[in-house]
Amino acid sequence: AALEVLRSEAAAGEHDCARLVLRARATLEAAGLELDYLDVVDAARMRSVGTLAGPALAIIAARVGSVRLLDNRWIAPALQPRVGRDMERG
């Protein structure tokens, strides 16, 4: 579910990776998973991406009891970035 949050928010126009990760982290915490890491990275270099400008890889490691779960998903930005919500409220 957390990676789907990342994918759908990016597709909806959110390009700030820190905000994407915060939203996905909240989904994991609400589900009771213990997060090891969650990031959006450049797949070629496996380095964090600050702004989603092209396809990137969302990666996650979390624990459920003694089981460590690993997953990843390609995410891509919308054609037009979303204007900051705080700025819209004025």
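Remember, it's a predicted structure, so these values are computed and weren't measured experimentally.
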Exercise for review: Assess whether side chain to side chain contact (heavy atoms under 4.5 Å, CB included) is satisfied between E14 and D16, documenting all intermediate values.
Suggested key: CA-CA 6 Å; E14 181 61 74; D16 183 311; 3.3 Å; yes
Review point. Same cluster for L33 and L35 if Ile/Leu/Val/Met/Phe/Trp/Tyr side chains link at under 4.5 Å?
Key: yes
Check your understanding: Would a hydrophobic clustering, with Ile, Leu, Val, Met, Phe, Trp and Tyr connected at side-chain separations under 4.5 Å, put L3 with L69?
Key -> yes
Exercise for review: Start with the C-alpha gap between N72 and I60, add the side-chain angles, then the distance that decides, and say whether side chain to side chain contact (heavy atoms under 4.5 Å, CB included) holds.
Suggested key: CA-CA 6 Å; N72 61 75; I60 187 171; over 6 Å; no
Check your understanding: With ILVMFWY side chains joined below 4.5 Å, transitively, what does M46's cluster contain besides itself?
Key ->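 Reading the cluster by chain and number, M46 sits alongside Y37, V41, L57, I59, L70, W74.
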Closest approach of [X] and [Y], non-hydrogen atoms and distance?
| X | Y | value |
| --- | --- | --- |
| D42 | V49 | N-CG2, 3.3 Å |
| A10 | A76 | CB-O, 3.6 Å |
| P77 | L52 | CB-O, 3.6 Å |
| D36 | R63 | OD2-NE, 3.4 Å |
| A24 | L38 | CB-CD2, 3.6 Å |

Point to revise | E9/R19 ion pair, N-O < 4.0 Å | key: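 A salt bridge is absent here (no side-chain N lies under 4.0 Å from a carboxylate O).
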Review point. In Å and rounded to the nearest 0.5 Å, what is the SG to CD1 distance from C17 to I75?
Key: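 Spacing of SG (C17) from CD1 (I75) equals 6.0 Å.
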